Amino acid sequence: MRAIQCDAYGEPEGLVPRDLPAPTAGPGEALVAVEAVGLGFVDALYVRGAYQVKRPLPFVPGSEMAGRVIAVGTGVDAALVGKRVVALSPLGALAERVALPASACTVVPDAIDPAIAAGMLVDYCTALYGLDTCGHLKRGETLMVLGASGGVGDAALDVAKAMGARTIAVASSAEKLLACKHRAPALSIDYNRPDWRKTLEAANAGHAIDAVWDPVGGPYSETAFRCLSPGGRHLVVGFAAGEIPRLPLNLALLKRASLVGVDWGGHVRADPALNANAPILARLLAWVAEGRIAPRVHVAGGLDATASALRALLDRKSVGKPVIRVGG
Ligand SMILES: NC(=O)c1ccc[n+]([C@@H]2O[C@H](COP(=O)([O-])OP(=O)(O)OC[C@H]3O[C@@H](n4cnc5c(N)ncnc54)[C@H](OP(=O)(O)O)[C@@H]3O)[C@@H](O)[C@H]2O)c1
C-alpha cells in the first residue's frame, strides 16, 4: 500500500512516499480503507520532532482520519464492516490502509463527505470541548478568536456561533480576515497592525469580550488577555507562533479573569475507556446534519500533496483546514 513515511525528523520536504506492507485487523481492531486525512500544525511539529511527544522513527504521520471499514478482527461486531468511520488514529493515517482499535472509530453517515468528517474531527471537538466544557461560553457572550482563519480558529468561530455567541475574528492579514468574515460578521481585526487593541476597543465599544480563543501564543496573547472584560476566560489552545508567552499574573487579578488550558487530546487520553470523543463528536455530527455548523475544509490533493500542505501550515500561509484525499 502507498503511504507517506517520515524517516528522519526534519522539514516536510523530507517526507517520502513508500510502498509498505498493508496491515491486517488484529483482535479488537478495524481495518480501514482511508479516504481522507485532516492535517494540522501539530502534524508538522511531529515531522520536525518538535512536538512535546516524539514519535519513534520511522513513522507514518497523520492521525485525523475518515474511511471505510473493510475488515474487523476477533471480538469486533462484523456489522462495522462497510461503515464509514472517523477516528483519531494512534498510528499513521497517511496511508491507504490503517488498522486501529475499533473502539476508537465513530460511525459517520454516508451523506457526510469523508474530507469534512476527517477535517472536522480534532478542530471541532477541541472547539466544542474548549468553549463549552472548559470555557463555559454562554449564549449572547462575545468570543474573540486569534488565528481565526486557521484550522482550530475557524472551528471555534463556527461552534461559538452555533452556541449563540457573538464572535470577533482576529488574524494577520486582510485576506485571512476575508476568508473567515462569514463566521464573524460583527467584527474582524488585523493583529499585525500596530495598536490593534485600540482599534478593537473602539470598534467593540459597548460590548464585553467574555472569552478569548488562543491557538497562537507569542506576542498576541498578553494583549488579548488585556482586552478581556472582568470575569473573562482566556482559553489556551496552542502556540502556532512558536513562542510560549508569559503572563504577568496581576492581570488575572485586576481583570478577575481566568486562564484556562484546553487539551482535547489529553481529555480523551485521560478517559479512553469511555472513548471521551464520542459524545462530543455525536453532538457535532448532529449539528452538521441540522445545518447548525458548516465545517469548511480545503482538499490539498492526494498523498503526494502532504509536504506542501504541511509547509503552508509552517509558513503561516494555510487558510482553513487542509485535508489529503486518499484512495479513489
Ligand atoms: N489544545 C488542543 O486540543 C489543540 C487542538 C488542535 C490544535 N491545537 C494547537 O493549535 C495551534 C493551531 O493549530 P492549527 O492546526 O489550527 O494551525 P493553523 O491552521 O496553522 O492555524 C494557526 C494560526 O496561527 C497563526 N500564526 C501566528 N504565528 C504563526 C506562525 N509563526 N506560524 C504559523 N501560524 C502562525 C496563523 O494565523 P495568522 O497568520 O492570522 O496569525 C495561523 O492561521 C497549534 O499549536 C496546535 O498544536 C491544539
Side-chain angles (χ1 to χ4, degrees), residues 38-41 44 113 115-116 118-120 122-124 126-127 130-131 137 141-207 209-221 223-224 227 235 237-242 287-288 291-301 305 308-324:
L39 295 179
F41 198 81
D113 186 316
I116 298 283
M120 71 180 281
V122 166
D123 291 346
Y124 274 73
T126 301
L131 296 175
L137 187 70
E141 285 192 326
T142 295
L143 174 76
M144 177 164 81
V145 175
L146 311 188
S149 75
V152 81
D154 188 63
L157 286 175
D158 198 15
V159 169
K161 258 177 83 200
M163 291 170 70
R166 176 174 170 268
T167 48
I168 299 175
V170 184
S172 66
S173 69
E175 293 76 15
K176 287 188 170 186
L177 289 170
L178 191 62
C180 52
K181 178 124 189 86
H182 64 295
R183 306 272 204 219
L187 188 52
S188 47
I189 297 287
D190 183 340
Y191 59 4
N192 260 359
R193 289 181 178 259
D195 275 346
W196 69 271
R197 181 181 168 193
K198 272 195 188 146
T199 312
L200 169 74
E201 285 174 350
N204 195 48
H207 290 280
I209 294 182
D210 302 290
V212 166
W213 183 258
D214 184 0
V216 180
Y220 309 107
S221 298
T223 309
C227 295
L235 299 163
V237 182
F239 309 100
W287 283 4
V288 172
R292 272 181 79 179
I293 52 172
R296 188 183 53 156
V297 304
H298 68 90
V299 176
S308 56
L310 293 179
R311 169 56 54 203
L313 286 162
L314 287 170
D315 287 353
R316 207 176 176 177
K317 292 196 173 125
S318 184
V319 172
K321 179 72 174 179
V323 170
I324 297 296

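If you're wondering where the values come from, they're calculated on a predicted model, not measured in any experiment.
- With sequence neighbours excluded, the residues satisfying side-chain contact (heavy atoms from CB on, under 4.5 Å) with Asp315 are Arg311, Lys317.
- Taking both residues in full, the closest heavy atoms of Ala165 and Leu137 are given as CB-CD2, 3.6 Å, listed atom of the first, atom of the second, then distance.
- Summarising the geometry of Val152 relative to Pro215, their closest heavy-atom pair is CG1-CB, 3.5 Å, with the distance given to 0.1 Å.
- Inter-residue side-chain proximity for Val212 and Leu146 is flagged as met; some heavy-atom pair is nearer than 4.5 Å.
- The OG1 atom of Thr126 sits 10.0 Å away from the CG atom of Leu131 when rounded to the nearest 0.5 Å.
- In this structure, Arg316 has no salt bridge (Lys or Arg N to Asp or Glu O under 4.0 Å) partners at least two apart in sequence or on a different chain.
- Around the CZ atom of Arg193, the shell of radius 6.0 Å holds no more than 12 heavy atoms that belong to other residues, nucleotides or ligands.
- Looking only at distances, a side-chain donor or acceptor of His298 sits under 3.5 Å from a matching main-chain atom of Val319.
- Within the 4.5 Å cutoff, no side-chain heavy atoms of Thr142 are placed close to those of Thr167.
- A donor-acceptor pair under 3.5 Å is absent between the side-chain atoms of Trp213 and the main chain of Val237, judged by distance alone.
- Listed by chain and residue number, nothing satisfies the side chain to side chain donor-acceptor pair (under 3.5 Å) test with Ser188 (two or more places apart in sequence, or in another chain).
- Annotation: side chain of Leu177 is in contact with side chain of Asp190 (closest heavy-atom distance under 4.5 Å).
- For the atom pair CG of Asn192 and OG of Ser173, the computed distance is 8.0 Å after rounding to the nearest 0.5 Å.
- Between the CG atom of Asn204 and the OG1 atom of Thr199 there is a distance of 12.0 Å, given to the nearest 0.5 Å.
- Asp214 approaches Ser221 most closely through the heavy-atom pair OD2-OG, 2.5 Å.
- Aromatic ring pairs are classed by plane angle as parallel below 30°, tilted from 30° to 60° and perpendicular above 60°; the pair Tyr191 and Trp196 is perpendicular.
- The backbone N or O of Lys198 lies less than 3.5 Å from no partner atom in the side chain of Asp195, so there is not a single donor-acceptor pair.
- In this structure, the side chain of Lys321 does not engage the main chain of Met120 through any donor-acceptor pair within 3.5 Å.
- Looking only at side-chain heavy atoms (C-beta outward), Leu187 and Leu200 come within less than 4.5 Å of each other.
- For residues 291-300, the salt bridge (Lys or Arg N to Asp or Glu O under 4.0 Å) pairs, not counting sequence neighbours, are Asp154-Arg296.
- A distance of 13.0 Å separates CD1 in Ile293 from CG in Leu157, rounded to the nearest 0.5 Å.
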For Ile324 and Leu39, what are the C-alpha separation, side-chain angles and deciding distance, and is it a side-chain contact (heavy atoms from CB on, under 4.5 Å)? CA-CA 7 Å; Ile324 297 296; Leu39 295 179; 3.8 Å; yes
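- Closest approach of Cys227 to Glu201, counting heavy atoms only: CA-OE2, 4.4 Å.
- The minimum heavy-atom distance between Gly40 and Leu310, with the atom names listed, is O-CD2, 4.3 Å.
- Legend: salt bridge (Lys or Arg N to Asp or Glu O under 4.0 Å) pairs involving residues 161-180, not counting sequence neighbours: none detected.
- Remark: Asp158 engages Arg183 in a salt bridge (Lys or Arg N to Asp or Glu O under 4.0 Å) (not counting sequence neighbours).
- Note: Ser318 OG to Leu313 CG = 4.0 Å, rounded to the nearest 0.5 Å.
- Between Val145 and Ala148, the closest heavy-atom pair is O-CB, 3.6 Å.
- Looking at Leu143 and Ile168, their side chains never come closer than 4.5 Å, going by heavy atoms from C-beta outward.
- Counting heavy atoms from C-beta outward, Trp287 and Val159 have side chains that approach closer than 4.5 Å.
- Atom CD in Glu141 sits 4.0 Å away from atom CG in Asp210 (nearest 0.5 Å).
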